[in-house]
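First the structure, in the form of structure tokens, and then the observations on it.
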Amino acid sequence: MATAAIQAACSKLGVNYSRGGGHNTTPGPSGGVQGWGLDCSGLTRYAYWAATGTDALGTGSAFSQWNLRSRYTTVSWANLQPGDLLFYNWPGEQPVIDHVTLYLGNGWMIEAPIPGTKVKVSSAYSSGFVGAMRIGSSSVTPGPRADRISDWSGDGYADVLGVDTSGDLWYYPNNGLGLASRGWLQGGFQGFTQVMSADWSGDGFADLLAVDGTGTLWQYPNNALAIQSRQSLGTGWDIYTTVMAADWSGDGLADVLALDAAGTLWYYPHNGSGLSPRVWLQNGFYGYTQITAADWSGDGFADILAVDPNGELWYYPNNAQGIQSRQSLGTGWGIYTKVMAADWSGDGLADVLALDAAGTLWYYPHNGSGLTPRVWLQDGFNGFTHVL
């Protein structure tokens, strides 16, 4: 595989660098900012598409490719082999990863460097080197996991999405260290009453679900970091105060949970093509100020977390037989305007993210038995109508 990837990359020697080139539906040179050509991640994407017959690296940037490392094997500079991808952070650049190359062996690499240059062979350099990734050598099988809440990049780490007052949808990647610089995804989300993100399609990438002002529930597929045409999942959703998407059944496909004004929680099973009729789950959620669903226990089935009027956070286990007796996760949650559960740390257990009135986003790690003290993630979310 590595040899085939190297051969494919070398077949593009002399192709012009063009930012955004190589990110069309079919990998290979395409139109970009500087015209027809390839950028760095477009080159590596094409190389492994040609080698594997699959879009193994997706349509995203070098940063997005690095975020796929949980699927493959990360290697050190001392252990590089031909075919490895080398990731760099150039000084003063954001996000953390802004360049990727393909290692050829014997101290050489092939790259599409910067505007005004062409795809070329260069001496591999260690300055700015962040890490390397080996495709096809991992014992981890890529695929969907029940905790893909808001995991837009499909790397196993929940990201953050936000809709601003103009209706623009923004993507804040979780690079394993914190939130990287945001990227614009799509406009036109003004007027939606509820927006959520989970893996509807079962491809490992979180999709977007949203309820519009008429009560129609829409599904926006995420095809490896790019939003596709929306599909209706039905009408009548405006009767619910909260609508959530999470894998309740444990089959790798996000289902829909909905809370009505009387405090009854309903479950709409995902049947592979749409939603089946609703199933009653439990009464008694009236008065809860916030409710969210994610796989807290790590058993593959989404659970329920809810904040009561006194600011206490409760965990309701889903053991595949139904909702079990609640357990307290602590008090003081009334200070937050939004409480969300998603696997931020990538360990298979949902953590808790919380947004305060000043627009600061906080992260509470799940340590296997409860929540540890909060960690600051980022300020500036007070101008968003939806954060997920």
Side-chain angles (χ1 to χ4, degrees), residues 1-24 26-52 55-69 72 74-135 153 173 175 180-184 224-226:
M1 181 189 301
T3 299
I6 289 172
Q7 291 172 342
C10 288
S11 73
K12 302 305 175 188
L13 284 168
V15 171
N16 287 332
Y17 175 94
S18 181
R19 184 177 182 182
H23 297 281
N24 281 356
T26 301
S30 65
V33 174
Q34 287 81 25
W36 191 262
L38 291 165
D39 64 14
C40 63
S41 55
L43 174 65
T44 53
R45 178 198 182 203
Y46 171 77
Y48 272 99
W49 171 78
T52 65
D55 200 359
L57 294 173
T59 60
S61 63
F63 177 72
S64 298
Q65 291 183 3
W66 175 244
N67 272 349
L68 298 176
R69 62 193 180 279
Y72 303 113
T74 55
V75 294
S76 66
W77 181 266
N79 294 309
L80 293 178
Q81 294 180 10
D84 290 346
L85 300 179
L86 312 185
F87 293 88
Y88 293 89
N89 172 223
W90 286 341
E93 297 285 335
Q94 291 293 331
V96 172
I97 303 293
D98 46 37
H99 189 50
V100 58
T101 73
L102 180 66
Y103 189 61
L104 302 177
N106 297 318
W108 296 96
M109 65 185 186
I110 184 170
E111 63 175 338
I114 57 174
T117 65
K118 300 178 184 293
V119 175
K120 65 177 185 177
V121 172
S122 305
S123 177
Y125 49 85
S126 60
S127 176
F129 175 76
V130 174
M133 184 170 77
R134 188 167 299 152
I135 307 297
S153 62
N175 61 14
S181 297
R182 70 180 188 177
W184 182 86
L225 304 177

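Hydrogens, waters and symmetry mates play no part in the numbers below; they use all other heavy atoms, side chains included.
In this structure, the side chains of W49 and T26 come closer than 4.5 Å at one or more pairs of heavy atoms. Under the 4.5 Å side-chain criterion, counting only non-hydrogen atoms from C-beta, L85 is in contact with I135. Side-chain contact between V100 and L86 is absent, with no heavy atoms from C-beta onward closer than 4.5 Å.
In this structure, the separation between NZ on K120 and CG on L13 is 11.5 Å, given to the nearest 0.5 Å. Taking OG1 of T74 as the start and CG of N79 as the end, the distance is 10.5 Å to the nearest 0.5 Å. Summarising the geometry, atom CG belonging to L68 is positioned 11.0 Å from atom CH2 belonging to W66; distances are rounded to the nearest 0.5 Å. In this structure, CG in D98 is found 8.0 Å from SG in C40, a value given to the nearest 0.5 Å.
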Worksheet item: Going through the distances and angles, do T44 and M133 end up as a side-chain contact (heavy atoms from CB on, under 4.5 Å)?
Response: CA-CA 12 Å; T44 53; M133 184 170 77; over 6 Å; no
Fill in: From CA spacing to verdict: side-chain contact (heavy atoms from CB on, under 4.5 Å), T101, I110
CA-CA 6 Å; T101 73; I110 184 170; over 6 Å; no
Item to complete: Evaluate side-chain contact (heavy atoms from CB on, under 4.5 Å) for W108 paired with S123, printing each intermediate quantity in order.
Response: CA-CA 5 Å; W108 296 96; S123 177; 4.2 Å; yes
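Between D55 and P27 the shortest heavy-atom distance is OD1-CG, 4.1 Å. The two residues A112 and H99 make their nearest non-hydrogen contact at O-CE1, 3.5 Å. S30 and G22 make their closest contact through OG-N, 2.9 Å (heavy atoms, listed as atom of the first residue, atom of the second, distance). Pairing each heavy atom of A47 with each of A5, the nearest pair is CB-O, 3.4 Å. For the pair L102 and A9, the tightest heavy-atom approach, listed with the atom from each and the gap, is CD2-CB, 3.6 Å. Across all their heavy atoms, S127 and Y88 have their closest contact at O-CD2, 3.5 Å.
Side-chain atoms of Y48 never come within 3.5 Å of backbone atoms of M1 as a donor-acceptor pair (strictly under, hydrogens ignored). Not one N or O on the side chain of Y103 forms a donor-acceptor pair closer than 3.5 Å with the backbone of A124.
Residue pairs meeting the side-chain hydrogen bond (donor to acceptor under 3.5 Å, both in side chains) criterion with at least one member in residues 11-23, sequence neighbours excluded, are N16-K118, H23-D39, H23-S41. Applying the salt bridge (Lys or Arg N to Asp or Glu O under 4.0 Å) test to residues at least two apart or on different chains, the pairs with a partner in residues 75-89 are D84-R134.
Applying the ring pair (Phe, Tyr, Trp, His ring centres under 6.0 Å) rule to W77 yields the partners F129; only residues at least two apart in sequence or on another chain are considered.
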